[in-house]
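Reviewing the structure listed below.
Positions are given from 1, in the same order as the sequence printed here.
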Amino acid sequence: MSALPPCPKCNSEFTYEDGGLYICPECAHEWSAQDTAPAEVTERVYRDATGTVLQNGDTVTVIKDLKLKGSSGVIKVGTKVKNIRLVDGDHDIDCKIDGFGAMSLKSEFVKKV
């Protein structure tokens, strides 16, 4: 079996080496041997509107009236949100708000208490 790395673009195992490059015959992707080294995975840092670092379980307050999509309800300024959970995506925070239920918020609209 070949000790060459699979193609990073299509994951094909049928790669071959030509000079200093690896080549994939299926998608024609070419990459160098230095590119195959695993990159360091950096953990994402979540910050609130003032730049304070947020962590899972923090308590935050809403700094702006937030209209709820698909509803006539509004989350008012100063609403306290306890025990947040940080997630990857457009909306960084998953939480439960009393009277509204489970929802996602953007970290730019909250301030750590």
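Annotation: ring-ring contact (aromatic ring centres under 6.0 Å, His included) contacts of H29 (sequence neighbours excluded): W31. Residues meeting the side-chain contact (heavy atoms from CB on, under 4.5 Å) test with E17, sequence neighbours left out: L4, Y22. Residues passing the side-chain hydrogen bond (donor to acceptor under 3.5 Å, both in side chains) test with E26 are S12, sequence neighbours excluded.
Residues V81 and L68 share a hydrophobic cluster, clusters being chains of Ile/Leu/Val/Met/Phe/Trp/Tyr side chains in contact below 4.5 Å.
I93 CD1 to F109 CZ: the interatomic distance, rounded to the nearest 0.5 Å, is 11.0 Å. Taken to the nearest 0.5 Å, the NZ atom of K96 stands 15.0 Å off from the CD1 atom of I84. Once rounded to the nearest 0.5 Å, the distance linking SG of C7 with CD of E13 reads 12.0 Å.
Members clustered with F14: none, using a 4.5 Å side-chain heavy-atom cutoff among hydrophobic residues. Other residues sharing the hydrophobic cluster of I23, ordered by chain and number and joined by side-chain separations under 4.5 Å: Y16. Within the hydrophobic cluster formed by Ile, Leu, Val, Met, Phe, Trp and Tyr side chains joined at under 4.5 Å, directly or through other members, I63 stands alone, with no partner residue.
For the side chain to side chain donor-acceptor pair (under 3.5 Å) condition, the pairs that include at least one residue of residues 55-70, sequence neighbours left out, are D58-K112. Applying the side chain to side chain donor-acceptor pair (under 3.5 Å) rule to pairs touching residues 71-93 yields R44-D92, Y46-D88, R85-D94, D92-S107, sequence neighbours excluded. Note on residues 46-57: no pairs pass salt bridge (charged side-chain N to carboxylate O under 4.0 Å, His left out), not counting sequence neighbours.
Nearest heavy-atom pair across T15 and P5 is OG1-O, 2.9 Å.
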